[in-house]
Amino acid sequence: MENARLLDERLKKIIKEIGSKTGEEVKSLVIGDIIREVETITARNSQRQLIKMLSMLKKAVDDI
């Protein structure tokens with residue numbers, strides 16, 4: 001009976017450790033995905049702002 005309890009405790013520790021490592025891997029993958037998405041959004045926003053600024057500059061030059 002004691003062996004069964006010790007085995008049960010060992011299995012619980014192993015499962016907890018595996019779950020923790022898997023959770024960390026998932027977190028790092030999700031964080032990587034979020035970083036890529038933010039970079040994409042930032043790049044798109046920067047492109048829009050640059051296009052808007054260049055359009056305003058062109059309009060100002062055309063008005064002169």
Salt-bridge contact Arg5-Glu9 (side-chain N to carboxylate O under 4.0 Å):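 So Arg5 pairs with Glu9 through a salt bridge.
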
When rounded to the nearest 0.5 angstrom, what is the spacing between [atom1] in [X] and [atom2] in [Y]?
X	Y	atom1	atom2	answer
Thr40	Arg36	OG1	CZ	9.0 Å
Ile35	Ile31	CD1	CD1	7.0 Å
Glu24	Thr22	CD	OG1	9.0 Å

Check: residues 43-58 side-chain donor-acceptor pairs under 3.5 Å, at least two apart:
{"residue": "Ser46", "atom": "OG", "partner": "Thr42", "partner atom": "O", "Å": "3.0"}
{"residue": "Ser55", "atom": "OG", "partner": "Ile51", "partner atom": "O", "Å": "2.9"}
{"residue": "Lys58", "atom": "NZ", "partner": "Asp62", "partner atom": "OD2", "Å": "2.9"}

Transitively linked via ILVMFWY side-chain contacts under 4.5 Å: Leu6 with Ile14?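 Leu6 and Ile14: separate clusters.
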
